[in-house]
Engineer: 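Here it is, the structure in full.
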Amino acid sequence: MAPGERSEEVHLWYTAVYEAIPSGKVTSYGHIARLLGKPERPRQVGVCLKHLPSASTDRSKKSSTFHSGNVPWQRVINSKGGISPRGPSAASHQADALRREGVDIREDAMGQYTVDLAKYGWFPDVLPSEAGLVESSDEEDEEVAAYHT
DNA sequence: GAACTGACTGGGT
DNA sequence: AACCCAGCCAGTT
């Protein structure tokens with residue numbers, strides 16, 4: 001393959017992941033991967049979110065058009081309904097963002113956050129962009145945008 | 001530039 | 001129910 005081809009693929013993957021996060025409710029890393037036709041890559045979805053720039057980062061020059069202010073990163077959790085611990089305050093931050101959207105989060109004695117997937121999970125079988133945007137979720141998205149502003 | 005590290009998951013013990 | 005494991009592959013030592 002030609003030089004640079006690989007990184008181009010990677011860039012497309014990152015973009016696809018950010019655009020695949022559904023409007024409304026909560027979904028999983030694995031489901032995003034399946035929506036993108038790569039069911040074996042849930043970990044790579046996690047990598048994309050890990051590298052999502054924060055909304056406050058200075059991106060006055062080129063850099064990504066995607067950041068925590070316009071990508072609903074908080075809606076992605078693991079298949080068991082848990083928020084990945086990763087850093088010390090990261091999980092609680094995500095839990096706060098979800099509660100802001102009306103999602104009820106439970107915190108156990110171990111400090112692990114979990115979501116009731118039966119109630120809040122949302123696993124569409126087609127990409128949001130292919131399905132047409134869900135009107136009923138517009139105001140939820142506005143709340144998110146306001147939160148990050 | 002080889003080795004190691006994960007924002008994961010499903011299947012097997 | 002809890003742990004283990006292989007597969008995944010871009011980033012980071």
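Each chain gets a letter, A, B and so on, in the order the sequences are listed, and its residues count up from 1. Quick caveat: nothing in here was measured; it's all calculated off a predicted structure.
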Engineer: Between the base of B/dG6 and the side chain of A/R86, is there a donor and acceptor pair under 3.5 angstrom?
Structural biologist: no
Engineer: What is the distance, to the nearest angstrom, from the CG atom on A/L36 to the P atom on C/dC9?
Structural biologist: 14 Å
Engineer: With rounding to the closest Å, how many angstrom separate the P atoms on B/dC4 and C/dA6?
Structural biologist: 15 Å
Engineer: For DNA chain C, whose closest nucleotide is more 5', that of A/R43 or that of A/K50?
Structural biologist: A/R43
Engineer: Return the value, rounded to whole Å, for the distance between atom NE2 of A/H93 and atom P of B/dA7.
Structural biologist: 17 Å
Engineer: Might you work through the salt bridge (charged side-chain N to carboxylate O under 4.0 Å, His left out) test for A/R75 and A/E101, ending with a clear yes or no?
Structural biologist: CA-CA 10 Å; A/R75 294 177 189 156; A/E101 304 188 318; 2.9 Å; yes
Engineer: What is the distance, rounded to the nearest whole Å, between atom OH of A/Y29 and atom P of B/dG10?
Structural biologist: 14 Å
Engineer: Looking only at atom P, what distance separates C/dT13 and B/dA7, rounded to whole Å?
Structural biologist: 13 Å
Engineer: Base, sugar-phosphate or nothing for A/E40? Non-hydrogen atoms, less than 4.0 Å.
Structural biologist: sugar-phosphate
Engineer: Which nucleotide sits closest to the side chain of A/H51: C/dA10, C/dG7, C/dT12?
Structural biologist: C/dT12
Engineer: Ignoring hydrogens, what is the shortest heavy-atom contact between A/L35 and A/P124? Give both atom names and the distance.
Structural biologist: CD2-O, 3.3 Å
Engineer: Whole-Å distance between B/dG11 P and A/K80 NZ?
Structural biologist: 11 Å
Engineer: Is the distance from the ring center of A/W73 to that of A/H67 below 6.0 Å?
Structural biologist: no
Engineer: Any link between A/W122 and A/V103 through a network of hydrophobic side chains (Ile, Leu, Val, Met, Phe, Trp, Tyr) touching at under 4.5 Å?
Structural biologist: no
Engineer: If each of A/R34 and A/G46 is mapped to the nucleotide of DNA chain B with the nearest heavy atom, which maps nearer the 5' terminus, i.e. the 5' end?
Structural biologist: A/G46
Engineer: Using a cut-off of strictly less than 4.0 Å, decide whether A/Y14 has a side-chain nitrogen or oxygen near OP1 or OP2 of C/dG11.
Structural biologist: yes
Engineer: Decide whether A/V26 and A/I83 are clustered together by the hydrophobic rule: side chain heavy atoms of Ile, Leu, Val, Met, Phe, Trp, Tyr closer than 4.5 Å, transitively.
Structural biologist: yes
Engineer: How far does the P atom of C/dC5 sit from the matching atom of B/dT5, given to the nearest Å?
Structural biologist: 16 Å
Engineer: Would you give the length of the straight line joining atom CG of A/D96 to atom CZ of A/R100, rounded to the nearest 0.5 angstrom?
Structural biologist: 10.5 Å
Engineer: What contact category does A/R41 fall into here, base, sugar-phosphate, or nothing, at under 4.0 angstrom with non-hydrogen atoms?
Structural biologist: sugar-phosphate
Engineer: State whether A/S79 places a side-chain N or O below 4.0 Å from either non-bridging phosphate oxygen (OP1 or OP2) of B/dT9.
Structural biologist: yes
Engineer: What's the CG-P distance between A/L52 and B/dA7, to the nearest Å?
Structural biologist: 15 Å
Engineer: Is the phosphate of B/dC8, meaning OP1 or OP2, less than 4.0 Å from a side-chain N or O of A/S28?
Structural biologist: no
Engineer: Same cluster for A/F123 and A/Y120 if Ile/Leu/Val/Met/Phe/Trp/Tyr side chains link at under 4.5 Å?
Structural biologist: yes
Engineer: Taking only distance into account, with no hydrogens and no angle test, what donor-acceptor pairs under 3.5 Å do side-chain atoms of residues 110-119 of chain A form with protein atoms, sequence neighbours excluded?
Structural biologist:
from	atom 1	to	atom 2	distance (Å)
A/D116	OD1	A/A118	N	3.1
A/D116	OD1	A/K119	N	3.4

Engineer: Output the rounded distance in Å from CG (A/L12) to C1' (C/dA10).
Structural biologist: 15 Å
Engineer: Could you tell me the separation between the CG atom of A/N78 and the P atom of B/dG10, rounded to a whole number of Å?
Structural biologist: 10 Å
Engineer: Expected output check: what is the dot-bracket annotation of DNA chain C, where ( ) and [ ] are pairs inside the strand (brackets for crossing ones), | is paired with another strand, and pairs are Watson-Crick or G-U under 3.5 Å?
Structural biologist: .||||||.|||||
Engineer: Just how far, in rounded Å, is C1' of B/dT5 from CD of A/Q44?
Structural biologist: 12 Å
